[in-house]
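Count residues from 1 along the sequence.
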Amino acid sequence: MKKIIKSSVLLAALLFAHSVFAAPPANDQNPKSYQARGVVEGIAPGLSQATIHNQDIPGYMSEMTMDFPVKDTNELSGISTNDEVTFTLMVTETNDWIENIHRVGHSAGSMTNSMPMPGNSPMTNSMPMTMDMSGGAIPSLVKPGDPLPDYSLTGENGGQVHLSDFRGQALAFTFFYTRCPLPDYCPRMNNDFKQAREILSANASGPTNWQFLSISFDPSFDTPEMLADYAAGFRGENTNRWLFASAPTNVLVDAALRLGLIIMQQGDSISHNMRTIVLDPQGRVYQQFNGNLWTPQELADAMSRAARSSLPN
């Protein structure tokens, strides 16, 4: 489930133009299926997930590398890294997985991108890193108590948003883009924010100094108008304590370095991992959630603790 890439390549990939297309997912009782083909780049322990660089899936998404859940782990028996496979992608409103996995060949090379690093990048070394698109294999350079820069973002109303705007509040922020095709990626992050906000709002004895912030890494497409429309699908008309914004490239480069965030251009699409950060009321890192396996309750609990104190217990 890991592949070797250069850290400079990861940051260069932040300077991109792309397009991803996706048909609306089916409901949970009637999943949509898509026939696909790709190269296996890794298999998770327990055979519960395969990282595959898939070819274009017509009518759903462009070529990219993604972590795909596997319901029947027996289907990965005999499958190895660099095997070429065909498979069926199943997609519902809230989940996705692959099945009918068949080995059809073997690829000798890696699908890793190799883009030149701009000379003015803050990252100049080429330390090798392992890449886990959804989990935590890329190390974070921050630890609890570390401050973050006062990032400047463009809010859904077109105005500027700074992290310092939320001083005095526990702040949770995550990264996404509106064209993200798989329910287990960006939509899951925002659905988890929705549920965590509901948990905190329902706790009459809990703290009230908290805020959620969803940050798009696709500012050219995710305009303020697009963000406002997209946000309504998750929070409805209740905008209380939850803002959507987009980040410019310089913010993404800095966040990538500090948080182990990956945003890679692959052809005309984006591969990315997932990072969710909780800051304390002083703007310092309180807790970092990697991947998508944390629960809304865990996030709500971390927010409650952060709102009441400066550092984890």
Side-chain angles (χ1 to χ4, degrees), residues 1-14 16 18 20 22 34-57 60-91 96-115 126-139 175 177 180-186 188 217 256 260-275 290-293:
M1 182 160 132
K2 299 176 181 178
K3 67 180 180 181
I4 302 299
I5 35 184
K6 301 295 185 182
S7 55
S8 59
V9 170
L10 297 180
L11 296 178
L14 290 164
F16 53 73
H18 60 85
V20 173
Y34 302 91
Q35 300 308 307
R37 185 184 183 105
V39 176
V40 176
E41 298 202 345
I43 297 175
L47 309 181
S48 61
Q49 189 179 71
T51 303
I52 299 176
H53 184 102
N54 61 271
Q55 299 176 6
D56 285 353
I57 302 178
Y60 190 67
M61 71 182 189
S62 302
E63 175 187 4
M64 64 175 64
T65 300
M66 302 291 282
D67 288 334
F68 295 100
V70 178
K71 283 192 173 182
D72 183 358
T73 57
N74 292 325
E75 292 199 43
L76 288 177
S77 178
I79 303 294
S80 303
T81 299
N82 291 330
D83 280 349
E84 296 181 18
V85 294
T86 59
F87 58 95
T88 303
L89 171 63
M90 308 296 292
V91 183
D96 56 84
W97 68 93
I98 60 173
E99 56 187 42
N100 301 321
I101 307 166
H102 299 289
R103 184 183 185 275
V104 294
H106 192 76
S107 174
S110 170
M111 302 300 290
T112 300
N113 278 9
S114 57
M115 298 176 60
S126 57
M127 178 180 65
M129 291 184 177
T130 54
M131 176 174 153
D132 173 353
M133 291 309 298
S134 67
I138 298 295
F175 298 91
Y177 71 117
C180 187
L182 292 177
D184 260 347
Y185 274 68
C186 305
R188 178 165 177 169
F217 48 74
L261 177 66
I262 300 170
I263 307 168
M264 282 182 55
Q265 179 187 0
Q266 291 189 306
D268 290 329
S269 60
I270 302 173
S271 296
H272 65 95
N273 64 353
M274 289 173 280
R275 291 291 185 265
N290 297 332
N292 63 356
L293 298 182

Working for side-chain contact (heavy atoms from CB on, under 4.5 Å), residues Glu75 and Glu99: CA-CA 7 Å; Glu75 292 199 43; Glu99 56 187 42; 3.7 Å; yes

Exactly one of Phe87, Trp97, Tyr185 should register a ring pair (Phe, Tyr, Trp, His ring centres under 6.0 Å) with Phe68. Which one does? Phe87

Are Tyr177 and Phe217 near enough that their ring centres are under 6.0 Å apart? yes

Heavy-atom nearest pair, Cys180 first then His272, reads SG-NE2, 3.7 Å

Say you draw a straight line from OG of Ser48 to CG of Asp72; how long is it, rounded to the nearest 0.5 Å? 12.5 Å

Rounded to the nearest 0.5 Å, what separation is found between the CG atom of Asn292 and the CG atom of Asn273? 11.0 Å

Steps toward side-chain contact (heavy atoms from CB on, under 4.5 Å) verdict (Ile57, Leu89): CA-CA 9 Å; Ile57 302 178; Leu89 171 63; 4.0 Å; yes

Check for a donor-acceptor pair, side chain of Arg103 on one end and backbone N or O of Glu84 on the other, with a separation under 3.5 Å. no

Between Glu41 (side chain only) and Thr51 (backbone N and O only), is there a donor and an acceptor less than 3.5 Å apart? no

Start with the C-alpha distance between Val39 and Val85, add both sets of side-chain angles, then the distance that settles side-chain contact (heavy atoms from CB on, under 4.5 Å), and finish with yes or no. CA-CA 6 Å; Val39 176; Val85 294; over 6 Å; no

Determine whether Gln35 and Thr88 satisfy the following criterion, side-chain hydrogen bond (donor to acceptor under 3.5 Å, both in side chains), listing intermediate values before the conclusion. CA-CA 5 Å; Gln35 300 308 307; Thr88 303; 3.2 Å; yes

Which pair of non-hydrogen atoms, one from Leu293 and one from Arg188, has the smallest distance, and what is that distance? CA-NH2, 4.2 Å

Drop me the distance from Ser107's OG to Asp83's CG, to the nearest 0.5 angstrom. 9.5 Å

Beyond-backbone contact of Ile98 with Ile52, side-chain heavy atoms, under 4.5 angstrom: yes

Testing the 3.5 Å rule here: is there a donor-acceptor pair between the side chains of Asn54 and Arg37? no

Are Val91 and Pro183 packed together at the side-chain level, in the sense that at least one heavy-atom pair is separated by less than 4.5 angstrom? yes

Verify, without hydrogens or angle tests, whether Asp96 (side chain) and Asp184 (backbone) share a donor-acceptor contact under 3.5 angstrom. yes

Does Gly260 offer a backbone N or O that forms a donor-acceptor pair with the side chain of Arg275 under 3.5 Å? yes

Looking only at the side chains, is there a donor atom on one of His106 and Asn82 sitting less than 3.5 Å from an acceptor on the other? no

Any side-chain heavy atom of Val70 sitting closer than 4.5 Å to one from Ile101? yes

